[in-house]
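The chain is numbered in sequence order, starting from 1.
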Amino acid sequence: MTQPESQSPAQQSADAGTPTVNMPPVAAGSASAQAFRPAQPQSASQSAYHYTYHYEPKDYTYEYRGATKARRKPAGPAVVLLFLGLLIAGMAVVSLICGSAGNGSFSTLFGASRGAVLFIGGACLVLGLIIVALGCAGRRTGGLHPFAWTLMFLAVIAMCFGGAVGAANSLSPYLAKDYKHVNVGKTLVIDSSKASMETLRKGIAVQGEGYAKSTLTIDLTKYTGHNKAKQVRLNDGQTRTTYCPVETIPMTVTDAKVMVKIPYGCSWGFNVSSGMMSTWNSIDAQGGLLATGVCSEGDRGNGWDIQAGRSGFQISGAHPDGNGISSWYSMTGDMNELCENVGVDDDMNHAVTKNTDPRVKQLAENGYYWPCLTDNAKSVAHTELNISPRLLRNASVTVSYGGDIADAAKKH
């Protein structure tokens with residue numbers, strides 16, 4: 001016969017209908033073992049365990065902090081761009097109103113730039129007052145930082161442009177104090193007589209009635225009939241006689257276009273930094289200004305060239321002393337057509353080809369290499385006619401060829 005297996009007290013209690021509590025094993029000597037100490041049975045007949053719970057209360061410290069407001073987020077890109085657009089639109093409206101009295105003259109630009117500076121200054125003042133008021137009220141203004149930086153950026157641009165225009169307006173009387181003042185109505189022509197050339201050498205201060213209204217023409221196509229031939233140096237180091245105008249003409253021009261006509265094949269140059277030239281044969285300061293040789297002595301020097309207008313605002317070092325020309329680039333009008341089909345030789349110098357303009361071929365055969373073959377060994381090493389536009393305000397200067405090309409070619 002098989003003997004029944006022995007049962008534990010918990011199993012015996014379950015069999016007797018007494019509820020039991022299953023506890024996880026607890027390590028001896030631990031805090032949990034001390035907190036939950038089973039009571040010993042009071043009698044041998046009692047099979048259930050009894051547990052005594054010890055609760056130890058703890059002190060809790062509460063610290064009250066007042067409710068804080070979430071920091072306001074800065075303006076996003078869309079809001080900043082909208083703000084910038086409104087500022088530019090407002091500045092444009094104010095500039096148009098302030099410059100409307102100029103009737104297309106330099107005073108239009110001067111008034112418009114002054115209006116732009118005043119508008120941006122007023123906007124900066126309003127934003128500054130708002131920031132001060134919010135600061136006094138104990139509010140943060142971090143959300144206004146994008147607007148402040150936008151206004152600062154526009155203020156710098158307006159101050160640079162307005163400062164350049166104001167400086168040019170102040171420099172004009174100083175630069176032209178020794179020049180011959182020339183008032184131009186609709187048109188005016190200055191020839192190449194000895195008296196006219198003497199005036200041009202000393203400098204002219206041209207004042208027109210508007211860029212689209214006044215044109216001054218300096219006609220030097222008959223230069224050889226009134227002036228003596230001169231010696232010039234060539235690229236190969238030799239010298240030769242030239243009948244081209246070998247002159248320097250300083251000038252200031254306001255509200256007018258100046259057209260300088262020279263004989264075919266003659267060389268010219270502007271005493272300005274190359275970055276200030278619109279093309280090789282023109283300088284355009286329409287709707288803007290250009291000042292050359294600032295802070296230098298005389299008509300040439302190591303000063304600074306400043307330009308402000310439709311092409312932006314730029315400052316560069318003044319031209320070097322002398323205009324050495326190695327190659328040509330884009331020109332306007334008939335000048336550009338002359339050099340369209342000029343090729344290059346084995347030494348990468350410009351050369352005549354079968355498709356080259358017949359006028360260029362005729363000039364080259366007679367020793368004229370301008371404006372298309374300037375790197376030829378027999379071409380002049382330095383420009384013969386030098387134009388020094390000390391100050392252009394809503395003005396331009398353009399050089400073009402004129403006269404009889406056959407007559408010019410016979411002079412060499």
Which atom pair, heavy atoms only, marks the closest approach of [X] to [Y]?
| X | Y | answer |
| --- | --- | --- |
| S192 | H226 | O-CB, 3.5 Å |
| L216 | V184 | CB-CG2, 4.1 Å |
| Y223 | V246 | OH-N, 3.9 Å |
| L151 | I120 | O-CG2, 4.1 Å |
| Y369 | R240 | CE1-NH1, 4.5 Å |
| G403 | Y264 | O-CE1, 3.7 Å |

For the pair [X] (side chain) and [Y] (backbone), establish whether a donor and an acceptor sit closer than 3.5 Å, ignoring hydrogens and angles.
| X | Y | value |
| --- | --- | --- |
| T356 | T353 | yes |
| S214 | G185 | yes |
| Y243 | K228 | no |
| T242 | C244 | yes |

So [Y] and [X], do their side chains get closer than 4.5 Å, heavy atoms only?
| X | Y | result |
| --- | --- | --- |
| L234 | T239 | no |
| P263 | P245 | yes |
| Y368 | L373 | no |
| I204 | V253 | no |
| V258 | I218 | yes |
| T398 | N281 | yes |
| L338 | P371 | yes |
| W370 | T383 | yes |

How long is the span from the [atom1] atom in [X] to the [atom2] atom in [Y], to the nearest 0.5 Å?
| X | Y | atom1 | atom2 | result |
| --- | --- | --- | --- | --- |
| I387 | I283 | CD1 | CD1 | 8.0 Å |
| K213 | D255 | NZ | CG | 9.5 Å |
| L220 | L385 | CG | CG | 6.5 Å |
| C372 | R359 | SG | CZ | 9.0 Å |
| D357 | N341 | CG | CG | 8.0 Å |
| T221 | I262 | OG1 | CD1 | 10.5 Å |

Whether W268 and W280 hold their rings parallel, tilted or perpendicular, with breakpoints at 30° and 60°: tilted

salt_bridge(E247, K230) N-O dist < 4.0 Å: yes

Distance-only donor-acceptor check, side chains E384 and S267, under 3.5 Å: yes

Distance-only donor-acceptor check, side chains D191 and S196, under 3.5 Å: yes

Worked check of side-chain contact (heavy atoms from CB on, under 4.5 Å) between D284 and L290: CA-CA 9 Å; D284 187 5; L290 182 144; over 6 Å; no

Full working for salt bridge (Lys or Arg N to Asp or Glu O under 4.0 Å) between D236 and K378: CA-CA 6 Å; D236 60 5; K378 293 300 180 180; 2.8 Å; yes

Pair T241-Q231, side-chain contact (heavy atoms from CB on, under 4.5 Å): steps then yes or no: CA-CA 5 Å; T241 301; Q231 296 291 314; 2.6 Å; yes

Check against side-chain contact (heavy atoms from CB on, under 4.5 Å), L392 and L289: CA-CA 5 Å; L392 301 181; L289 64 93; over 6 Å; no

Row check, Y211 ring normal vs K257 NZ/CZ: under 6.0 Å, within 45°: yes

